[in-house]
Amino acid sequence: MSDFKPGLEGVVAFETEIAEPDKEGGSLRYRGVDIEELVGHVSFGPVWGLLVDNAFSPGLPPAEPFDLPASTGDARVDAQSGAAALGARWGLRPLLDISDEQAREDLGRACAQLLAIIATSARGADRPAVPQRYVDEAKTAAEALLVRWRGETDPRHVKALDAYWVSAAEHGMNASTFTARVIASTGADVGAALSGAIGALSGPLHGGAPARVLYMIEEVERSGDAEAYVKSVLDRHGRLMGFGHRVYRAEDPRARVLRRTAKELGAPRYEVALALETAALAELRARRPDRVLETNVEFWAAIMLDFAQVPADITPAMFTCARTAGWAAHIMEQKRTGRLIRPSARYIGPAPRPVRDVAGADAALP
């Protein structure tokens, strides 16, 4: 117990074959394949397969026809509740009681369904569903989601969304992935594990930053002076969203591939984003030369999602879509270990004492 570390930072809890974030080199590999070779070249469905099966084929299956269990107006919440309901709706059995093959089938069905739930929720309960035949014509998972959501697609929006999903598909032992593995370790069904992982995204410290980056972009657009904006934020001890990362000591490789894709697609806000990034990095290096504060994935993810016309309130749900791949891979990996995750805690509370020493004892005791 002498090795207690707040937040478990730096504690190695698992051995994994799924992803390798290179802290010093600024690279990210999915089962040995650098994301530089995947983004823009391999679509999300096969990348889902790479992470889960170590093979591009069969990849993520298409979603099955369904009715949205409930619509709250929040796509992330609808995904969380919808995932939890899959166990009852489909009769999913606990991971403890099924084979690896059945678990893989359940995960494919559930992850595909999550994408469909999010698209349907984003479309809104007041709009009729898109005929299934149009969804069936989609060539990729990103295209299918946009068709189900909007009824039609712009190929450039599909490419932008697909690039974001592939870049954000997996990133080691983050909060939501750890949650998924903890739940999977109890032997629960895959819907429960996925629902818990989605719940871990509800806090702004994990997956919600792209919406906050857009605010900075809009401020720079209004003022026309990125350097002045950066200095004003830092002078009042504010936070520049999209810079710095707890893992990387070099540039976040996901930011690099998304910046490249934004330029290739001609994203309208590419130039202002580049100006803000340049100004921010220069000022951060000047003020904090002892710290590595490079651009992280959230900064350029904001530009890509904005280009794909994803509203700010939907961005957490888009992260959910992407991370289904990593969650599914870790749920499978955890199932194969067959071990319950049960860390210890060091007690630092009151010493042994009689009940009458507790505040309010006179009223509580007869």
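Keep in mind that what you see is a predicted model, and the values were worked out from it rather than measured.
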>> Please determine whether side chain to side chain contact (heavy atoms under 4.5 Å, CB included) holds for the pair Leu38 and Leu50, giving the CA-CA distance in whole Å, both sets of side-chain angles, and the decisive distance to 0.1 Å.
In response: CA-CA 10 Å; Leu38 295 170; Leu50 170 65; 4.0 Å; yes

> Step by step, would you call Val230 with Leu276 a side chain to side chain contact (heavy atoms under 4.5 Å, CB included)?
Replying inline: CA-CA 8 Å; Val230 167; Leu276 174 57; 3.7 Å; yes

> Can you check side chain to side chain contact (heavy atoms under 4.5 Å, CB included) on Glu64 and Gln113, steps first, answer last?
Replying inline: CA-CA 7 Å; Glu64 301 168 22; Gln113 204 72 2; 4.0 Å; yes

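Between Arg287 and Asp235, at least one side-chain N (NZ, or NE/NH1/NH2) sits under 4.0 Å from a carboxylate O, which counts as a salt bridge. A salt bridge links Glu264 and Arg260; the closest N-O separation between the charged side-chain nitrogens and carboxylate oxygens is under 4.0 Å. The pair Glu294-Arg285 meets the salt-bridge criterion, since a charged nitrogen lies less than 4.0 angstrom from a carboxylate oxygen. A salt bridge is defined here as a Lys NZ or Arg NE, NH1 or NH2 lying under 4.0 Å from an Asp or Glu carboxylate O, and Glu221 with Arg269 meets this definition.
Of the possible donor and acceptor atoms, none in the side chain of Ser195 sits under 3.5 Å from a partner among the backbone N and O of Ala192. For the pair Tyr229 (side chain) and Ala279 (backbone), a donor-acceptor distance under 3.5 Å is absent. Judged by distance alone, the side chain of Arg323 and the main-chain N or O of Ala168 form a donor-acceptor pair under 3.5 Å. Between the side chain of Asp34 and the backbone N or O of Glu36 there is at least one donor-acceptor pair closer than 3.5 Å. No donor-acceptor distance shorter than 3.5 angstrom exists from the side chain of Ser202 to the backbone of Ile198, with no hydrogens or angles considered.
Residues Trp165 and Thr140 form no side-chain contact, since every pair of their non-hydrogen atoms from C-beta on lies 4.5 Å or further apart. Taking 4.5 Å as the limit, some side-chain heavy atom of Arg288 sits within range of a side-chain heavy atom of Asp290. Thr315 is listed as a side-chain neighbour of Val310, based on a closest heavy-atom distance under 4.5 Å. Contact annotation: the side chain of Thr278 never approaches that of Glu227 to less than 4.5 Å [non-hydrogen atoms, C-beta and beyond]. Counting only heavy atoms from C-beta outward, the side chains of Thr295 and Arg259 approach each other to under 4.5 Å. Side-chain contact between Leu274 and Lys263: absent, with no pair of heavy atoms (C-beta onward) separated by less than 4.5 Å. Within the 4.5 Å cutoff, no side-chain heavy atoms of Ile303 are placed close to those of Leu258. Side-chain contact between Tyr164 and Thr261: absent, with no pair of heavy atoms (C-beta onward) separated by less than 4.5 Å.
Dense packing is recorded around CZ of Arg222, with more than 12 heavy atoms of other residues, nucleotides or ligands lying under 6.0 Å away.
Note: the hydrophobic cluster containing Ile118 does not contain Val147 (ILVMFWY, side chain heavy atoms under 4.5 Å, direct or indirect links). At a threshold of 4.5 Å between side-chain heavy atoms, the hydrophobic network of Ile, Leu, Val, Met, Phe, Trp and Tyr places Leu92 and Ile183 in two separate groups. Leu96 and Leu194 end up in different hydrophobic clusters when Ile, Leu, Val, Met, Phe, Trp and Tyr side chains are linked at under 4.5 Å. Linking Ile, Leu, Val, Met, Phe, Trp and Tyr residues whenever their side-chain heavy atoms come within less than 4.5 Å leaves Ile117 and Val130 in two separate clusters. In this structure, Ile98 is not a member of the same hydrophobic cluster as Leu340, with clusters built from ILVMFWY side-chain heavy atoms closer than 4.5 Å.
Tested against Thr337, the residues Gln334, Arg339, Lys335 include a single side chain to side chain donor-acceptor pair (under 3.5 Å) partner, Gln334. If you run side chain to side chain donor-acceptor pair (under 3.5 Å) between Thr16 and each of Arg31, Glu333, Arg181, only Glu333 comes through.
Remark: the Asp225 side chain and the Ser223 side chain contain no N/O donor-acceptor pair separated by less than 3.5 Å. Judged by distance alone, the side chains of Ser176 and Trp327 do bring a donor and an acceptor atom under 3.5 Å apart.
Smallest separation of non-hydrogen atoms from Asp162 and Ser43: OD2-CA, 3.2 Å. Here the shortest heavy-atom pairing between Leu51 and Gly326 reads CD1-N, 4.3 Å. Taking every heavy atom of both residues into account, Met332 and Ala103 meet most closely at SD-CB, 3.7 Å. The minimum heavy-atom distance between Gln309 and Trp149, with the atom names listed, is O-CH2, 4.4 Å. Here the closest heavy-atom approach between residue Arg109 and residue Pro61 is recorded as N-CG, 4.2 Å. Annotation for Asp252 and Val297: closest pair OD2-N, 3.0 Å, computed over non-hydrogen atoms.
The NE2 atom of His157 sits 13.0 Å away from the NZ atom of Lys159 when rounded to the nearest 0.5 Å. Here the CG atom belonging to Asp74 is positioned 9.5 Å from the CD atom belonging to Gln80, to the nearest 0.5 angstrom. In this structure, CZ on Arg254 lies 6.5 Å from CG on Leu28, to the nearest 0.5 angstrom. To the nearest 0.5 Å, atom CG of residue Leu86 and atom CG of residue Leu114 are 6.5 Å apart.
The aromatic rings of Phe299 and Phe243 lie tilted to each other, with the angle between the two planes from 30° to 60°.
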